[in-house]
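Since the structure comes first, as structure tokens, the remarks are kept for the end.
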Amino acid sequence: MIARLLPGLVTRLIAWAGLIYLVVPLAVIIGSSFTATSYLAFPPKGLSLTWYLAMLQDPSYGRAFAISTALAAVATLAAVLLAVPAALAMARYRFAGRDLLSSFFMSPLVLPHVVLGAAILQCAASIGLVRSVGALLAGHVVIVMPLVLRSVLPLLTPEQRALEEASMDLGAGPFTTFFLVVVPQIRGGLVSGAVLAFISSWINVELSIFSTTAELTTIPVKLFNYVQYTVDPTIAAVSAVTILVAASSIVLLDLLVGLDVLAERR
Amino acid sequence: MNTMAHQQRALWGLLSAPVLVLAAFFAIPMAVVAVASFGDAAGRFTLAQYAKILLDQYHWEVLATTLRIAALTTVWCLLLGFPLAYYLVRLVRWRLWRRVCVILLITPLFTSNVVRSFGWMVLLGRNGMVNDGLLAAGLVERPVRWLGTEAGILIGMVYVLLPFVVLAVGNALAAVDDRLEQASADLGAGPYATFMHITLPLCMPGVIGGAVMVFTLAISAYVTPALLSGGRVTVFSMLIFQQYSSVFDFHYGGALSMTLLVITLLLVALAGRLAPRETAP
């Protein structure tokens with residue numbers, strides 16, 4: 001009897017330990033951001049919003065949040081505008097070098113970000129654009145485009161193609177067909193790809209750090225540079241805000257397309 | 001109606017922008033680094049940069065540390081991640097709880113490595129919760145030094161990369177038809193035999209895929225080791241970062257970058273061979 005129940009019990013115990021392990025560091029950050037002490041304390045001693053006020057009073061945080069958000073939004077938009085045509089070409093046409101091109105489009109996914117960051121720094125240096133908005137954006141577009149491509153491509157199936165042809169046969173032009181037939185069909189992949197792209201850009205450090213300056217800096221890079229030298233409750237408050245953004249995007253994703261990961265398919 | 005020329009034009013219309021952007025911002029920068037790695041300050045062709053890396057004991061030590069941390073990270077991620085994935089896909093019966101668990105799993109993935117490693121800096125500090133807990137439980141007599149040790153980095157790395165394994169294994173498990181497992185049980189196989197001969201082999205692509213993803217991300221990780229090493233442990237990506245951010249030796253830095261890139265690509269290629277090809281529909 002025990003021998004039959006034991007594997008399930010051990011699996012549950014490890015799984016619960018894993019879940020606790022996943023939650024604790026984030027809970028500690030959120031908890032200690034509310035401390036009334038001037039040092040990081042967990043569980044928080046007292047309850048205050050002092051450190052959130054301190055964050056709001058320092059305009060450099062607002063600026064970094066704004067830069068991160070604008071960068072992620074533009075990179076995501078560019079990625080969608082590049083990945084959708086690329087996906088259509090991959091799904092529709094058989095041409096020489098198609099597999100090679102597909103690997104080329106996907107390769108930023110396996111490329112170490114530190115290496116790409118260094119490469120962009122070196123290239124930008126040679127044309128005098130080192131540590132600029134352009135250099136920052138270029139790298140982000142490269143790393144997020146495959147995420148959109150990967151989530152849109154599987155939806156461009158032969159069945160999807162058939163509806164598109166039906167629309168054209170019934171007299172709709174290519175643009176009408178694209179916006180009224182193709183876009184609704186790939187909407188799910190488009191939304192989840194775009195949210196993933198936005199977040200990947202928003203949290204990136206390894207690539208951004210090669211193109212940021214004291215003025216032009218994203219929120220994770222600013223946090224990274226700060227945390228290396230000191231840790232204080234303001235940093236916990238800023239970090240807590242980023243966790244809130246993460247949680248909100250997941251809820252958004254769940255509402256828009258539904259998080260059906262890990263559900264058993266029957 | 002659709003002539004060859006028409007198709008060619010449509011194809012180029014779709015592909016030109018993405019190809020141009022990736023060529024300009026990805027292929028060309030990588031080529032520039034590759035070319036620089038085979039040169040010196042005077043612009044001559046030389047293999048000196050690679051010789052410097054390959055013949056120097058220090059680089060081999062850093063590489064060994066990097067690979068050791070990456071390998072241990074992968075092993076721990078699998079040991080923790082497989083049961084967690086199995087639990088989420090097979091054992092959780094209450095759908096709301098599974099939804100909560102999935103959110104708990106993905107929230108860290110949507111949070112910057114900086115924030116996540118910062119959480120561990122607080123937890124693993126001299127007076128952090130981990131030491132407090134260990135002292136209170138009487139497991140240690142003095143606070144353990146975690147920050148600046150490979151163990152500390154490992155704890156942070158496993159934490160950062162665990163969700164990838166859970167998602168990869170979980171998705172593979174969810175696709176396994178549980179009627180196969182029932183058939184195995186009906187035919188007299190015990191739970192252990194069913195697991196070893198049916199479940200595990202069927203979700204092996206997910207396990208290998210997750211493991212490779214974790215390993216490649218771990219060997220190139222920079223933020224987590226940088227924050228948890230306290231400058232006491234050096235991994236390969238830190239060498240690259242030093243060259244590009246403070247030393248400004250693009251030739252030597254280029255050779256370091258190429259070395260990391262080649263190691264990564266070799267691993268990805270190796271994994272492609274290892275992964276069992278799906279033969280059944």
Side-chain angles (χ1 to χ4, degrees), chain A residues 4 7-8 11-12 14-15 18-19 21-26 28-29 32 40 42 82-83 85-86 88-89 93 95 104-105 108 110 112-115 118-123 138 141-142 199 203 205-206 210 220 223-224 227-228 231 235 239 242-243 246-247 249-250 259 261-265, chain B residues 7 11 14-15 17-18 21-22 25-26 28-30 32-33 36 80 83-84 86-89 91 101-108 110-116 118-123 129 159 162 167 170-171 174-175 191 216 220 222-223 227 237 240-241 244 250 253 257 260-261 264 268:
Chain A
R4 285 189 72 86
T11 308
R12 273 169 217 271
I14 299 176
L19 286 171
Y21 177 59
L22 284 171
V23 171
V24 166
L26 299 185
V28 164
I29 291 172
S32 52
L40 274 175
F42 189 86
L82 294 169
L88 284 169
Y93 300 95
F95 51 92
F104 175 58
F105 282 149
V110 295
H113 287 178
V114 174
V115 172
I120 284 178
L121 175 85
Q122 188 176 350
C123 249
V141 172
V142 170
I199 283 294
I203 66 175
V205 175
E206 268 114 340
F210 289 96
L223 282 175
F224 179 70
V227 167
Q228 276 187 305
V231 288
I235 289 302
S239 302
T242 69
I243 298 169
S249 6
I250 291 165
L259 282 177
V261 284
L262 305 187
E264 269 184 286
R265 279 153 229 150
Chain B
Q7 281 214 5
L11 186 59
L14 292 171
L15 282 178
V21 167
L22 278 194
F25 301 138
F26 170 53
I28 292 176
M30 296 308 295
V32 167
V33 172
L80 264 176
L84 182 52
Y86 192 88
Y87 170 77
L88 291 177
V89 174
L91 300 182
C101 289
V102 167
I103 290 174
L104 293 181
L105 184 71
I106 302 179
T107 306
F110 276 32
T111 311
S112 175
N113 289 351
V114 177
V115 174
R116 293 194 277 167
F118 170 53
W120 283 108
M121 286 171 78
V122 177
L123 280 165
M129 258 171 75
Y159 172 67
L162 179 63
L167 288 175
N171 281 324
T216 50
S220 62
Y222 173 68
V223 170
L227 290 180
S237 59
I240 298 177
F241 189 72
Y244 281 92
F250 288 167
S257 297
L260 182 59
L261 184 66
T264 309
V268 173

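To find a chain, count down the sequence lines: A is the first, B the second, and so on, and within it residues start at 1.
- With a 4.5 angstrom heavy-atom cutoff, L80(B) touches chain A via backbone and side-chain atoms both.
- In this structure, the side-chain contact (heavy atoms from CB on, under 4.5 Å) partners of P25(A), at least two apart in sequence or on a different chain, are W120(B), L123(B), Y159(B).
- The shortest heavy-atom contact between L14(B) and P85(A) is O-CB, 3.3 Å.
- In this structure, chain B has heavy atoms under 4.5 Å from both the backbone and the side chain of V142(A).
- In plain terms, the two heavy atoms of L22(A) and P108(B) that are nearest each other are O-CG, 4.0 Å.
- Side chain of Q122(A) to main chain of P29(B): no donor-acceptor pair is present (N/O by atom type, distance under 3.5 Å, no hydrogens or angles).
- No other option in L91(B), L104(B), V268(B), L261(B) has as many heavy-atom pairs under 4.5 Å with chain A as L91(B).
- Proximity to chain B (any heavy atom under 4.5 Å) is shown, for F105(A), by both the backbone and the side chain.
- Using a 4.5 Å cut-off between heavy atoms, I199(A) contacts chain B through its side chain alone, with no backbone atom that close.
- Counting heavy-atom pairs closer than 4.5 Å to chain B, the top-ranked of the candidates T242(A), V205(A), I243(A), V115(A) is V115(A).
- Of the atoms belonging to V32(B), heavy atoms from both backbone and side chain fall under 4.5 Å from chain A.
- Looking only at heavy-atom pairs under 4.5 Å with chain A, the residue among I240(B), T107(B), I28(B) that has the most is T107(B).
- Rounding to the nearest 0.5 Å gives a distance of 12.5 Å between CZ of R116(B) and OG of S239(A).
- Taking both residues in full, the closest heavy atoms of Y87(B) and T11(A) are given as N-CG2, 4.4 Å, listed atom of the first, atom of the second, then distance.
- Residue contact with chain A, scored on non-hydrogen atoms closer than 4.5 Å, involves the backbone and the side chain of V223(B) alike.
- Distance check: I14(A) CD1 to Y86(B) OH gives 13.0 Å after rounding to the nearest 0.5 Å.
- F95(A) places a side-chain heavy atom less than 4.5 Å from the side chain of L15(B).
- Distance check, rounded to the nearest 0.5 Å: CD1 of I29(A) to CZ of F118(B) gives 6.0 Å.
- Between the S220(B) side chain and the P112(A) main chain, no donor and acceptor come within less than 3.5 Å of each other.
- Contact tally against chain A (heavy-atom pairs below 4.5 Å) for L260(B), V115(B), V33(B): the top residue is V115(B).
- Of all non-hydrogen atoms in L84(B) and A15(A), the two that sit nearest each other are CD1-O, 3.5 Å.
- Y21(A) touches chain B through backbone and side chain together, each having a heavy atom under 4.5 Å away.
- Of the listed residues (A86(A), A118(A), G18(A)), the one with the most heavy-atom contacts under 4.5 Å to chain B is A118(A).
- Contact annotation for M129(B): only side-chain heavy atoms (C-beta onward) come within less than 4.5 Å of a heavy atom of chain A.
- Considering all non-hydrogen atoms of both residues, V227(A) and L227(B) come closest at CG1-CD2, 3.9 Å.
- The ring pair (Phe, Tyr, Trp, His ring centres under 6.0 Å) check on F110(B) picks up nothing, with sequence neighbours excluded.
- Looking at T216(B), there are no atoms closer than 4.5 Å to chain A (heavy atoms on both sides), in backbone or side chain.
- Residues F224(A) and Y222(B) place their aromatic rings such that the two centres sit under 6.0 Å apart.
- Scanning both residues, S112(B) and I203(A), for their nearest heavy atoms gives OG-O, 3.2 Å.
- Taking A17(B), G253(B), P83(B) one by one and counting their heavy-atom pairs under 4.5 Å with chain A, the maximum is reached by P83(B).
- Heavy atoms of L88(A) lying under 4.5 Å from chain B belong to its backbone as well as its side chain.
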